[in-house]
Each structure stands twice: as structure tokens, then as C-alpha cells.
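The block underneath contains the structure these notes are about, expressed in C-alpha cells.
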Amino acid sequence: MEKMNHAFEKMKMLVGMEGDDDQQQPALEEGNSFSFMDDFNRQCSLTTKQRFYGFAICLVAGLTCTLLSILVFFHPIKFGITFTFGNLLSLGSTAFLIGPKRQVSMMLDPVRIYATAIYLASMIIALFCAFYVHNKLLTLLAIILEFGALIWYV
């Protein structure tokens, strides 16, 4: 049991969680106003176990959607919707693991800012083309752009 606790503590340190999240609530100092993301992080405080469950559920759902999109590859509109929702769920899974504030700050890192902008824009364009325009070629082009930005992001 001691080995499990030690491994769990190592895993928490790897993902940036030093201790239990319930005990790490930042104190509001006088004259210090919290930004939107700080307020959001305080309102969404989860235990480490809840974070891992949320991460696992979102990641499995995202990978399932992404893999199921292969079945409808020859129907670009359905493929675009399932592939993009799978990517959104997978992206949300890391927000469970490291927190939304750190996720956004990592995405807006100067090294990743262009890949993030293209990735998010291509997801929006893919969903727009699939839901409203119903154009298979535009949806497929947006998915190719999305996949390229995802590879560039990593």
C-alpha cells in the first residue's frame, strides 16, 4: 500500500499537483484581484481522484469518438463532426488533469500560440462547414487543417 501511495504522489508531482487541491486554495490578499481564470479554478476545485476520473472519462470518450470517425470517413460531414468532438473531448481531458488555467497558459505559450490558433480555428471552421454549410469538400479541408495543426501543436 505504501508503494501505491508513493507512486500516486509521484504522479501528482508529474502533472503539477503538489498536494491535495482542497488544501491549496490561494488566500485573497488585500488589493489583489483575481482574474477570470483564477476565479474559475477556485470554483472548480476537484480532488486528485476526481481529476483523474474526469481525465480518464474525457480521454476515453475523445479517443472513442476519434476512432469511430474512421468508420464514417467517406462521409466527410459525419467524419468532421465526430473527429472534431473527439478532439474537443481529448483537449478537455488534459484540462481536468492539469487545471483549466494551466491548460490555457500552456496553449498560449509563445511557442504554441500559432498552432493553438490554427487548431481552434480549424475546429470551429470544421463544425461550421459540417453543421451550416453542409459542404463536404470544405469540411474535409478543415479537418486536414485541424489534423495538421494538431501534429504541429504536439
Side-chain angles (χ1 to χ4, degrees), residues 7-18 20-21 24-26 32-154:
F8 193 63
E9 290 300 319
K10 277 187 174 180
M11 182 60 132
K12 286 196 299 188
M13 289 179 62
L14 268 173
V15 297
M17 293 183 280
E18 289 5 294
D20 285 338
D21 294 328
Q24 289 187 349
Q25 296 293 331
N32 185 13
S33 64
F34 285 100
S35 67
F36 170 74
M37 289 307 290
D38 288 333
D39 194 33
F40 185 73
N41 276 340
R42 279 186 291 134
Q43 297 298 325
C44 296
S45 63
L46 299 172
T47 65
T48 306
K49 191 175 186 179
Q50 290 171 334
R51 284 181 185 261
F52 283 126
Y53 283 147
F55 168 74
I57 290 169
C58 277
L59 184 65
V60 167
L63 291 176
T64 302
C65 281
T66 303
L67 291 175
L68 286 176
S69 70
I70 295 171
L71 296 176
V72 292
F73 181 73
F74 294 108
H75 304 284
I77 292 174
K78 291 178 184 177
F79 175 74
I81 293 168
T82 54
F83 185 78
T84 302
F85 282 144
N87 281 340
L88 284 172
L89 285 169
S90 297
L91 187 65
S93 71
T94 57
F96 269 107
L97 193 60
I98 62 175
K101 181 180 179 183
R102 189 166 173 206
Q103 173 76 25
V104 170
S105 67
M106 288 173 66
M107 289 174 69
L108 298 178
D109 190 45
V111 175
R112 292 183 171 166
I113 187 73
Y114 297 118
T116 300
I118 292 171
Y119 181 61
L120 294 176
S122 65
M123 280 197 282
I124 292 168
I125 291 169
L127 290 175
F128 180 77
C129 290
F131 283 129
Y132 296 109
V133 179
H134 299 290
N135 189 330
K136 293 178 181 181
L137 181 63
L138 289 177
T139 305
L140 193 58
L141 288 174
I143 292 299
I144 291 170
L145 183 65
E146 181 178 337
F147 187 73
L150 181 63
I151 297 297
W152 181 21
Y153 180 81
V154 175

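Note that the numbering runs from 1 along the sequence shown for the chain. Quantities reported herein were computed from a predicted structural model and do not represent experimental measurements.
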_Ser93 side chain vs Ser90 backbone, donor-acceptor pair below 3.5 Å_ =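 A pair under 3.5 Å: yes.
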Separation of [Y] [atom2] from [X] [atom1] (nearest 0.5 Å):
X	Y	atom1	atom2	value
Leu59	Leu89	CG	CG	9.5 Å
Leu88	Met123	CG	CE	4.5 Å
Leu120	Met107	CG	CE	4.5 Å
Leu150	Ile118	CG	CD1	12.5 Å

Side chain to side chain contact (heavy atoms under 4.5 Å, CB included) partners of [X], counting only residues at least two apart:
X	value
Asp109	Val111
Phe73	Phe79
Phe131	Ile81, Phe85, Leu127
Leu108	Val104, Ile113

Between [X] and [Y], is any pair of side-chain heavy atoms under 4.5 Å apart?
X	Y	result
Ile98	Arg51	no
Cys129	Ile125	yes
Phe83	Cys65	no

*Between Ile143 and Ala126, which heavy-atom pair has the shortest distance, and what is it?*
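Here Ile143 and Ala126 meet closest at CD1-CB, 3.8 Å.
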*Which atoms form the tightest heavy-atom contact between Ile77 and Asn135, and what is the distance?*
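Here Ile77 and Asn135 meet closest at CD1-N, 4.3 Å.
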*Yes or no on side-chain contact (heavy atoms from CB on, under 4.5 Å) for Phe96 and Tyr53, after CA distance, side-chain angles and deciding distance?*
CA-CA 9 Å; Phe96 269 107; Tyr53 283 147; over 6 Å; no
*Under the side-chain hydrogen bond (donor to acceptor under 3.5 Å, both in side chains) rule, what pairs show up with a residue in residues 119-128, not counting sequence neighbours?*
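Of all non-adjacent pairs touching residues 119-128, none passes side-chain hydrogen bond (donor to acceptor under 3.5 Å, both in side chains).
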*Which pairs, with at least one residue in residues 64-86 and sequence neighbours excluded, count as a side-chain hydrogen bond (donor to acceptor under 3.5 Å, both in side chains)?*
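Sorted pair list: Thr84-Glu146.
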